[in-house]
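For this chain, numbers begin at 1 and follow the sequence in order.
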Amino acid sequence: MRWRPAARLVLLCLAFGFCSLLYAFSHRGDRNTEQETPTSLPRRVGQRTGPRYGQSEERYKIPVNHGMEAMHLAVVACGSRLEETITMLKSAVLFSRKFLQFHIFAEDSLHYDFKTTLNGWTFPEKFKYTLYPITFPTENAAEWKKLFKPCASQRLFLPLILKEVDSLLYVDTDILFLRPFDDIWSFLNNFNATHIAAMAPEHEEPRIGWYNRFARHPYYGKTGINSGVMLMNMTRMRRKHFKNDMTTSRLHWGDLLLPLFKKYKLNITWGDQDLLNIMFSHNPESLFVFPCQWNYRPDHCIYGSNCHEAEDGIFVLHGNRGVYHDEKQPAFRAVYEAFRNYSFGNDLIHSLLNPLELELQKTVHTYCGRIHNLFTKQLTKTIEDLYRRQSNVRNVFVRCENQ
């Protein structure tokens with residue numbers, strides 16, 4: 001019947017109007033600022049974390065997420081990692097569809113700069129953030145902090161600190177999202193009943209693998225796992241009893257960390273990543289392994305392309321080994337600098353994609369640069385999809401206004 005298209009349009013307009021009204025009420029008086037923590041609580045490294053360590057849960061109370069289902073992202077920043085972290089957060093915000101909640105663990109000296117930068121991002125409908133101090137259990141606090149990279153082992157304690165968070169994606173500071181955050185978050189829907197976390201393999205090619213050639217401790221699978229991108233169902237992690245090689249009894253996450261560290265601390269090279277490999281080597285059924293294009297690193301191209309899934313494009317770029325800041329892998333550096341230099345509100349094609357493609361053409365003298373099309377293949381699709389979604393929303397509102 002002729003009236004049906006018009007009726008559907010009217011219903012759609014009413015739905016948009018209702019959602020807009022709800023959104024306005026949910027944001028009334030809201031500011032996109034850091035959640036303050038009680039100033040009476042000490043902020044020193046080495047303080048025990050969470051109720052397990054005798055600390056108030058109020059300090060880690062998670063902010064209200066405006067009535068939307070939030071996607072949680074955690075990062076740990078120490079030393080000179082401020083700029084990297086900001087650039088990573090920018091890439092997450094740019095393309096995400098759902099609301100993001102950032103959990104930023106940083107040295108106290110970095111808090112002011114984080115607040116200054118993030119408070120200047122004027123779109124509270126996209127994200128909110130909370131800053132936390134770097135906090136380790138009192139016992140062996142100094143060793144935990146210096147394990148592998150400064151503060152990196154903080155990620156091991158996230159399930160014990162963020163007790164009110166069900167699921168969370170942890171990433172290193174040198175990560176860039178070339179695809180909407182929502183897509184890696186959706187891997188949680190692929191978990192079976194035993195999965196508690198998801199990571200990518202450390203290597204695709206055993207002949208150049210590190211763990212299978214040099215490790216002096218157990219590791220997951222054939223080539224180990226890389227923990228720079230780690231998706232966690234932390235509710236399951238807190239509940240699980242882990243098999244281990246120290247006792248016949250199964251241990252909870254919080255009871256396992258210190259004994260494991262004490263046993264293997266003289267045999268581990270990559271710090272907390274090695275401890276995670278040991279854990280999941282004894283509990284392989286608990287790990288979901290996602291493909292390498294979700295954690296694409298220089299090792300995937302410096303000896304020739306060995307991440308075959310990346311033929312569809314790189315989804316998450318991981319510039320480990322400091323390649324964003326030296327001349328060893330200029331293709332990785334070009335992507336990082338393109339995101340770092342991009343300013344919110346500018347056209348993504350002219351201000352991000354086109355300059356990046358020009359810089360990548362200068363990197364063809366390297367193995368990674370020879371396949372530079374993989375660095376922009378997914379990013380191009382992501383930008384096109386973003387503009388298509390924005391155009392569809394504008395068209396609906398225009399049609400509503402014309403009714």
Do you know which of Arg155, Arg321, Arg297 makes salt bridge (Lys or Arg N to Asp or Glu O under 4.0 Å) with Asp172?
Arg155
Relative to each other, are the rings of Phe191 and His195 parallel, tilted or perpendicular (30° and 60° limits)?
perpendicular
Any idea how His103 and His72 line up, ring-wise: parallel (<30°), tilted (30 to 60°), or perpendicular (>60°)?
parallel
Are [X] and [Y] close enough that a side-chain donor and a side-chain acceptor fall under 3.5 Å?
X	Y	result
Tyr219	Asp274	no
Tyr264	Asp245	yes
Asn306	Glu205	no

Do the charged groups of [X] and [Y] touch, with an N to O distance under 4.0 Å?
X	Y	answer
Asp166	Arg236	no
Glu285	Lys240	yes
Lys381	Glu384	no

N/O donor-acceptor pair under 3.5 Å between Asn277 side chain and Tyr220 backbone:
yes
Cation-aromatic face contact Arg333/Tyr336, 6.0 Å, 45 degrees
no
With a distance cut-off below 6.0 Å to the six-membered ring centre and an angular limit of 45° from the axis, does Arg179 pair with Phe315 as a cation-pi contact?
yes
Does a side-chain heavy-atom distance below 4.5 Å link [X] with [Y]?
X	Y	value
Leu73	Gln101	no
Thr269	Phe214	no
Phe280	Ile225	yes

